[in-house]
Amino acid sequence: MQLILDEDQQMIAQTALDFVDEHSPVARFRELRDSGAALGYSRDLYKEMAALGWTGILFDEKVGGAGMGFAELVLIVEALGRKLAPEPFLGGVTMGGSALALGGNEAMKSEWLPSVIDGSKVVAFAHQEKNSRYDAYAISTRADATDSGYRLTGEKVQVLDAVGADAVIVPARVSGESGDREGITLFLVETGAAGVSLTAQTRVDHRNAAIVALDGVEVAATAVLGVEGQGAELIDTVLDRATVVLTAEMLGGMSEAFDLTVEYLKTREQFGVKIGSFQGLQHRAAEVFCEIELARSCVMAAARAIDAGAPDATKLVSLAKAKCSDAYLLAANEGVQMFAGVGMTDEYDIGFYLKRARAAELTFGDSAYHRNRWAELGSY
Amino acid sequence: MSDLEAFRAEARAWLEENAPEGVKGIKADELNGVWGGKRCEFEVPDQKVWLERMGAKGWTAPMWPAEYGGGGLSKAESKILSQEMKALDLPPALIGFGLTMIGPTLLQFGTEEQKKEHLPRIVRGEIRWCQGYSEPGAGSDLASLQTKAERDGDDFIINGTKVWTSYADKADWIFALVRNDNSGIKQEGITFLLIDMDDPGVNVSPILLISGKSPFCETHFTDVRVPVKNVIHEIGAGWTVAKALLGHERTMIADTFGSSAGATKKAGERSFLSSLAVERVGEREGRISDPIIRDDVAKMEMETRAFGLTTQRTADAAKAGHNPGPESSMFKLYGTELNKTRMELMVRILGPDALGWEGDGFDEFALGTTRDWLRSRGNSIEGGTSEVQLNVIAKRVLGLPA
């Protein structure tokens, strides 16, 4: 495993940074938030990103993808994370797309994947239920067998990129109790189907998220992804992949928050001098720099480990999420503190990064959760 | 067969032919490695044979030019050599400041005559070197050093005291910073000088540390006469040389602390630290029974892995031609702070067992851990304090104003 970018990867990263700089400054995110539109992103810009091939990176060439991997996707998402670009790469491309590619039957894949890849459709992934915290098996949503398939009943919350989605992949319980690893099956549910209702949620980070309520939704037997009753495995895989992509977004966010802060330290004057000349602030800034450097190594390693199917990929995912959770919060908290009064105002962007940092930390497990998982994987 | 494959076969054959059985499996760490020198002590007689053969081959310094006694190997060949040595469980035949610090500095700044005089003797392990930088009044503020060098014909007359000279009591030569001029700013007027420890007027006394032992000494110079030809680079340009050498030292310290950092356990296999915690703290349902210790063990392992990945990333970048800049201060800072935290955690895992100083009722491991913990406290002080590293990052990496 080489922890450097090859020439192609350097080009992908540069293209992404240039595109995001030009088309998606933070002011765009601010406008989207202020508009109050539940979609929270731009369909047109998303199509442009798809035209650049970004949405197809993960997928096979035979379904129209680029056949690359996470080592490349994280470069795109890092650039998006820098400027808080809210297009649906996490919930849509990574979670819904991966679930389809890994668990969908041939008919399902040929029907949905090409439109996910060309950006014309979004498929979300609904693992989260109320009060389940980070337990992805805490599923009470029921799937009762019918003559022709299944009837789904239950409620999912904070389903990322679900507003405006064309379908949602829903893990539901075919047997056992909430919390059991056994007895979970995944279903593809079209959002227009009878009994499905979407309610947009407003989160602290203003990311696209919705409640997906399922009131006796009838689905065919062909709507099943993966193996009936054994869906936990697919959930685990999807969440690990999503976690890596989220850490890339976090890496971009913490880097930008830190750059903004260092720039401020170099320009803001108090007591007749630049505040960046104070050793009390210099040392703290230097510590943030170190933490971001470590976070970057972990994200690169986790992405490459998943691409290679490495035996320690799961541990590296936990490492990356734990490091990024702590480092992003540190960078954002120190940023607000060093911007001081104006850092507390909505007018300045630094506050956006604090909200993103917190939201990302509490998504897919915080650092304590991942330390516990690391320990379990190490048999202690 | 490609050239590199041919070299691999050749290296393997030579090692199998020449490596004595008795050195296999010995660790080349600070305690067990061979430091060389006129008074070199070998734990195992085979270590002497190993040093002689490797030294003659130039493979104690594989990448130094052959004309100075080195192995003359390319980067790729040197990597293959170390892979083959690892495969045969062979340690490096020689360690020490000659190879890691003064050697690279001589290659960069030395005259032809200086290189010819000193490098081959370093390669063969004949001369052991120590470093004379810090002084009683000049610690982190190294440039305020005052050891005096007065010109007298073709010689300098040296007077002053150096502290923290590691292993000065065992070294044959010292590379030192001395002041030849006090008139300008403090970074000017410093000269980098090589001094034979056998010269009259050089006296060494060991320093006892809070850990009860130490490799450190005070080295006193009283009217020591050193020829001007022993100056490295130019008279008064010692600060430039010192900065380059400090870079070598920080890389070495970071290597030391990062070396085991990338190690991965097989699935389900406990690490050293978690096994220790299970053994000493206890186990409940397969978990370390104290949840706080368990969390701290996981945190330590994860930080160590993250640090190891970061040193790897820098090494990979260096191989691709991006030489590390001032950001390498990060490795000294992070590596040493990590080691301190690790030792503190080990002491906490041992609990009251870690309270032994010596004698009955304490096990060897616990006694050693306690001394190591005390010794580790110095990690963030020697080679530039953590605060100095933070200053370097703030000013030279982040560009924050003075």
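Proteins come first, then strands; the chains are lettered A, B, ... in the order of their sequence lines, and each starts at number 1.
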Q. With distance as the sole criterion, is a donor-acceptor pair present between the side chains of A/E287 and B/Y334 under 3.5 Å?
A. no
Q) Hey, which of A/L5, A/L319, A/V273 has the most heavy atom pairs under 4.5 Å with chain B? A) A/L319
Q: Please answer whether the main-chain N or O of A/A368 pairs with a side-chain N or O of B/K299 as donor and acceptor at a distance below 3.5 Å.
A: no
Q. Contact part of A/F278 toward chain B, heavy-atom cut-off under 4.5 Å: side chain, backbone, both or neither?
A. neither
Q. With a 4.5 angstrom heavy-atom cut-off, which part of B/V397 approaches chain A: side chain, backbone, both or neither?
A. side chain
(Q) How about CD on B/E364, more than 12 heavy atoms from neighbouring residues, nucleotides or ligands closer than 6.0 Å, or not? (A) no
Q) Yes or no on side chain to side chain contact (heavy atoms under 4.5 Å, CB included) for B/R294 and A/Y380, after CA distance, side-chain angles and deciding distance? A) CA-CA 8 Å; B/R294 177 174 180 266; A/Y380 63 89; 4.2 Å; yes
(Q) Looking at every non-hydrogen atom in both residues, tell me the closest pair between B/Q312 and A/Q2 and how far apart they are. (A) NE2-CA, 4.5 Å
(Q) I'd like to know whether CD of A/E233 has more than 12 heavy-atom contacts from other residues, nucleotides or ligands below 6.0 angstrom. (A) no
(Q) I'd like to verify something: which residue of B/P401, B/S275, B/A394 has the highest number of heavy-atom pairs under 4.5 Å with chain A? (A) B/P401
Q. For A/K315, does its backbone N or O pair with a side-chain atom of B/R305 as donor and acceptor, under 3.5 Å?
A. no
Q. With a 4.5 angstrom heavy-atom cut-off, which part of A/L316 approaches chain B: side chain, backbone, both or neither?
A. side chain
(Q) Once rounded to the nearest 0.5 Å, what's the spacing between atom CG of A/L3 and atom CG of B/D316? (A) 5.5 Å
Q: Can you see which heavy atom on A/A375 is nearest to which on B/A298, and at what distance?
A: CB-CB, 4.4 Å
Q: Could you tell me whether the side chain of A/R296 reaches within less than 4.5 Å of the side chain of B/L309, counting heavy atoms only?
A: no
Q) In this structure, are over 12 heavy atoms from other groups packed under 6.0 Å from B/K395 atom NZ? A) yes
Q: Verify side chain to side chain donor-acceptor pair (under 3.5 Å) between A/S379 and B/R270, making sure each step is shown before the conclusion.
A: CA-CA 6 Å; A/S379 303; B/R270 278 180 184 154; 5.7 Å; no
Q. Would the number of heavy atoms belonging to other residues, nucleotides or ligands and lying under 6.0 Å from CD of A/E177 be above 12?
A. no
Q: Return the minimal non-hydrogen interatomic distance between B/E301 and A/W374, and the atom names on each side.
A: OE1-NE1, 2.7 Å
Q) So B/L400 and A/K274, side chain to side chain contact (heavy atoms under 4.5 Å, CB included) or not? Walk me through it. A) CA-CA 9 Å; B/L400 291 174; A/K274 304 276 192 270; over 6 Å; no
**Q.** Verdict with reasoning, B/M302 to A/K323, per side chain to side chain contact (heavy atoms under 4.5 Å, CB included)
**A.** CA-CA 8 Å; B/M302 293 169 87; A/K323 284 304 289 180; 5.9 Å; no
Q: Can you see which heavy atom on B/G399 is nearest to which on A/K266, and at what distance?
A: O-CE, 3.3 Å
**Q.** Among the listed options B/H322, B/E387, B/E285, B/K319, the residue most often paired with chain A at heavy-atom distances under 4.5 Å
**A.** B/E387
(Q) Please find the pair of heavy atoms, one from B/L398 and one from A/F289, that lie closest to each other, and give the distance. (A) CD2-CD1, 3.9 Å
Q. So, for A/I4 and B/A320, which heavy atoms are closest and what is the spacing to 0.1 Å?
A. CD1-CB, 4.0 Å
Q. For A/R181, does the CZ atom sit with more than 12 other heavy atoms under 6.0 Å from it, leaving out its own atoms?
A. yes
**Q.** Donor-acceptor side-chain pairing of A/Q282 and B/N391 below 3.5 angstrom
**A.** no
Q) In Å and rounded to the nearest 0.5 Å, what is the CZ to SG distance from B/F307 to A/C290? A) 9.5 Å
Q: Against chain B, label A/A301 side chain, backbone, both or neither, depending on which of its atoms sit under 4.5 Å from a heavy atom there.
A: side chain
Q | Carboxylate-amine/guanidinium proximity below 4.0 Å for A/R371 and B/D296 | A | no
